[in-house]
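Values below: every heavy atom of this structure, side chains too, minus hydrogens, waters and symmetry copies. To find a chain, count down the sequence lines: A is the first, B the second, and so on, and within it residues start at 1.
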Protein chains: 2
Amino acid sequence: MAGSAEKSLPVPSILRLPKYLRLLKEFRQKGDKIISCTRIAEEFGQLSVQVRKDLAITGVVGRPKVGYQVEELINGIEHFLGWDHKTYAYLVGVGNLGSAILNYAGFLEHGLKIIAAFDNNPKLIGKKIKNCTVYSISEISKLKLSHTKDVQMGIVTVPAPEAQRIANLLVNVGVRSIWNYAPVRLDLPPDIIYEEVKLSESYAVLSHRLNQRTS
Amino acid sequence: MAGSAEKSLPVPSILRLPKYLRLLKEFRQKGDKIISCTRIAEEFGQLSVQVRKDLAITGVVGRPKVGYQVEELINGIEHFLGWDHKTYAYLVGVGNLGSAILNYAGFLEHGLKIIAAFDNNPKLIGKKIKNCTVYSISEISKLKLSHTKDVQMGIVTVPAPEAQRIANLLVNVGVRSIWNYAPVRLDLPPDIIYEEVKLSESYAVLSHRLNQRTS
DNA sequence: TAGATTGTTAATCGATTAACAATC
DNA sequence: TAGATTGTTAATCGATTAACAATC
């Protein structure tokens, strides 16, 4: 039932879903079956309408006077985000940042399965990080042929000057999306889904606030 | 001349400044003295008005028909963001993520000077990462007394379950701001400036787009 | 001067918030 | 039933975009 209207859902709402999901899992842990927007909203200092609107984009419906079923909401958010099934990925750049991503269990919990990592440092090649082997970058196209699963995502954790070249390489082996941690904007074909992690940008907001009154 | 109105500047604009700054530095590198909004805008696929509005918040003014002076704009953005002077910080959690931040030269270039790192792993204590010594977390209050410079920022790169405790500790030794990389929202006094790096949130947007049509 | 570019005021757009009817 | 909560329509708010005057 692919929608014909192609109405893009509000990004701010999507960005708030993971935190709701975390909270809901805590509630499930405690054995709670039912939750209200009011309760979620007060946890985050938001208005309950906003939570309701956010949750509505997942398609899950609540019951007036009662609330939402915790389990249904968890499943709804996870399905909406595509976190209810595995997404296979390659990661290029096994420095500290790349290693952090490989080691972080949270992403696996969200379905992210990194099936191979790549780096040109000979000391790293052949190593295993969390069941993920590190290969030479030159092997990337060869390796791709041996994988039966679609590799849908390329994670770029190389230094900025190499990021564009690496991203091109990943696009060439057929990934549909690029998750970029390098502090450069990458130029990619329009059909490639692209998302950046903006560390300097986050620092900019913090740093600006810190210096706001000092003058 | 601290403004009395306290009008908060648009966060979206602040978030775009670092990318302008990167581009401007490239232009300076090439020897360009003058730059127009039109030129910056086309580089990022934006409208020139938006660039102009964004740059306006820094207080730098351009000259009609001419454009902006590259050097003046760089200085203006850096000053606005507080990147033209050092900000001293403590970092707690010297795992892969913490190490990545310690090793990344870009932050130092933006004035971030991490003067001490903390971790409870005995293998790390005493080590130096980029001129920054790793101490036991228990030493944090002792160490603070020996620093003459104000430590204005605490960077939290510990696992989620420890993040709140560590943040409290940092607030207790007197930091004015917390930069949190752990995937939890931290509860802090209202006068503490707080900013999160939201990795799961970034992944959520990407993952959602990737799965949008699949149903 | 003519044309390009800035700075600013007005219009549009999208997200947040308010108001309220529906309902269990 | 009465009250709490959802879902939805309308109002507000802020950011983006359009229009245009000022100017070098």
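No donor-acceptor pair closer than 3.5 Å links the side chain of B:R28 to the backbone N or O of B:I74. Without hydrogens or angle criteria, B:T58 side chain to B:L55 main chain gives a donor-acceptor distance under 3.5 Å. Here the side chain of B:R185 pairs a donor or acceptor atom with the backbone of A:E43 at under 3.5 angstrom. Under the 3.5 Å distance criterion, the side-chain polar atoms of B:Q152 are left unmatched by any main-chain donor or acceptor of B:S177.
With DNA chain C read from its 5' end, the first of the two nearest nucleotides for A:R63 and B:T38 is the one closest to B:T38.
Of the listed nucleotides (D:dT6, D:dG7, C:dT6), D:dT6 has the atom at the smallest distance from the side chain of A:S36.
When rounded to the nearest whole Å, the span between CD1 of B:I35 and C1' of C:dT6 equals 14 Å. We find that CD1 of A:I57 is positioned 14 Å from P of D:dG7, with the value rounded to whole Å. Taking atom NZ of A:K65 as the reference point, atom P of C:dC24 lies 13 Å away to the nearest angstrom. Distance CD (B:E72) to C1' (C:dT6): 13 Å, rounded to an integer number of Å. The interatomic distance linking B:I34 (CD1) with C:dT5 (C1') rounds to 12 Å, in whole Å.
For the pair A:V156/A:V92, no side-chain contact is recorded, criterion being any heavy-atom separation below 4.5 Å from C-beta on.
There is no side-chain donor-acceptor pair under 3.5 Å between B:Q50 and B:D54.
With sequence neighbours excluded, the residues satisfying side-chain hydrogen bond (donor to acceptor under 3.5 Å, both in side chains) with B:N180 are B:Y194.
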Going 5' to 3' along nucleotides 11-21 of chain D, which nucleotides have protein heavy atoms under 4.0 Å from the base (write B), which only from the sugar-phosphate (write S), and which from neither (write -)? ----SSBB---
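Considering B:L169, B:I114, B:L143 as possible partners of B:Y90, the one that fulfils the side chain to side chain contact (heavy atoms under 4.5 Å, CB included) test is B:L143.
With axes fitted over five pairs at each extremity, the angle between the ends of the helix from C:dG3-D:dC24 to C:dC24-D:dG3 is 0° (10° resolution).
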